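In what follows, a single structure is set out as structure tokens and then discussed.
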Amino acid sequence: MAFLMKSMLSDQVKNLGLGGGGEENKEESSPSDPAAAAGMTREEYEEYQKQMVEEKMERDAAFAQKKAERACLRVHLREKYRLPKSELDENQIQMAGDDVGLPEDLQKMVAEDQEEEEDKDSILGQLQNIQNMDMDAIKEKAQATFTEIKQAAEQKCSVM
């Protein structure tokens, strides 16, 4: 409540011009030229402004490139796991340009994943899967197949 009363009274006093006008005089005495306010000459200030604009453009371009790389990774993962596509990611890639690819670290990770999947599909991968299988069931199945073949051979061959 005290704050409200103080702010209302100080505004009224400023309007009367009785003591609250000190701040306005300070503002009027400051230079209107931003270069002088920064302690630089006009040329230095313009050069500084150009540098600031160029740096901002570079940061924005780098940020857009990073966003496009992330979108490219998401698109790759969506394709890999057969998830629905996102138009937002495709738009980000198009905005950054067609030269967007996965960063080197991510490319290495993707290549390692592909090698692992290929290894699982190869003969060695299948042999590793056999280790996880139930050996007793395999032995029983092999013995049953062997007895079936032996019986079939005995029926066809008169010597056995």
Side-chain angles (χ1 to χ4, degrees), residues 3-4 7 23-24 26-160:
F3 173 74
L4 182 61
S7 64
E23 294 176 9
E24 293 176 9
K26 291 178 186 176
E27 291 176 6
E28 291 175 6
S29 65
S30 67
S32 61
D33 187 20
M40 297 184 241
T41 64
R42 178 64 119 174
E43 295 166 352
E44 290 173 338
Y45 185 74
E46 289 176 0
E47 183 65 30
Y48 174 73
Q49 289 296 326
K50 286 180 185 178
Q51 286 178 340
M52 296 296 286
V53 169
E54 289 174 2
E55 288 176 3
K56 184 179 184 326
M57 290 172 60
E58 289 174 6
R59 285 193 310 268
D60 290 344
F63 181 68
Q65 181 71 22
K66 289 288 184 185
K67 282 177 65 175
E69 288 174 354
R70 292 183 196 118
C72 186
L73 176 65
R74 287 191 298 268
V75 166
H76 175 75
L77 290 174
R78 283 191 178 101
E79 288 174 0
K80 179 178 179 181
Y81 295 109
R82 296 180 187 102
L83 298 173
K85 294 182 180 180
S86 171
E87 288 188 28
L88 178 64
D89 289 341
E90 293 173 4
N91 291 340
Q92 286 179 348
I93 292 171
Q94 288 177 355
M95 287 173 50
D98 292 333
D99 59 336
V100 177
L102 292 175
E104 291 179 20
D105 297 338
L106 295 176
Q107 286 178 351
K108 289 178 184 176
M109 289 172 40
V110 168
E112 289 172 1
D113 288 344
Q114 288 177 348
E115 288 175 7
E116 288 177 10
E117 289 178 9
E118 289 173 1
D119 288 344
K120 288 180 183 176
D121 293 338
S122 70
I123 294 174
L124 294 176
Q126 296 298 326
L127 289 175
Q128 289 176 352
N129 288 339
I130 289 175
Q131 292 175 353
N132 299 333
M133 297 178 84
D134 185 19
M135 294 305 282
D136 293 332
I138 294 173
K139 284 180 184 178
E140 290 174 8
K141 192 172 186 179
Q143 287 175 350
T145 306
F146 181 72
T147 55
E148 287 177 16
I149 293 173
K150 187 176 178 183
Q151 288 175 357
E154 286 176 354
Q155 289 174 357
K156 290 182 182 179
C157 183
S158 62
V159 176
M160 293 185 135

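Note: hydrogens, waters and symmetry copies are ignored here, and every other heavy atom, side chains too, is used. Since the structure is predicted, the reported quantities are computational estimates derived from the model, not experimental observations. In this chain, numbering begins with 1 at the start of the sequence shown.
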Name each donor-acceptor pair under 3.5 Å that joins a side chain in residues 51-69 to protein atoms two or more places apart or in another chain, with its distance.
{"unit_1": "Lys56", "atom_1": "NZ", "unit_2": "Asp60", "atom_2": "OD2", "d": "3.1"}

Sort and list the pairs that fulfil salt bridge (Lys or Arg N to Asp or Glu O under 4.0 Å) and have at least one residue in residues 34-52, not counting sequence neighbours. Asp33-Arg42
Output the distance between atom CD (Gln49) and atom CE (Met40), rounded to the nearest 0.5 Å. 8.0 Å
Just list the side-chain donor-acceptor pairs under 3.5 Å for residues 140-148, sequence neighbours left out, or say none.
{"unit_1": "Thr145", "atom_1": "OG1", "unit_2": "Lys141", "atom_2": "O", "d": "2.8"}
{"unit_1": "Thr147", "atom_1": "OG1", "unit_2": "Gln143", "atom_2": "O", "d": "3.2"}
{"unit_1": "Thr147", "atom_1": "OG1", "unit_2": "Ala144", "atom_2": "O", "d": "2.8"}

Among residues at least two apart in sequence or on other chains, which ones pass salt bridge (Lys or Arg N to Asp or Glu O under 4.0 Å) with Arg74? Asp89
Hits for side chain to side chain contact (heavy atoms under 4.5 Å, CB included) against Lys80, two or more places apart or cross-chain, chain-then-number order -> Asp113, Glu117
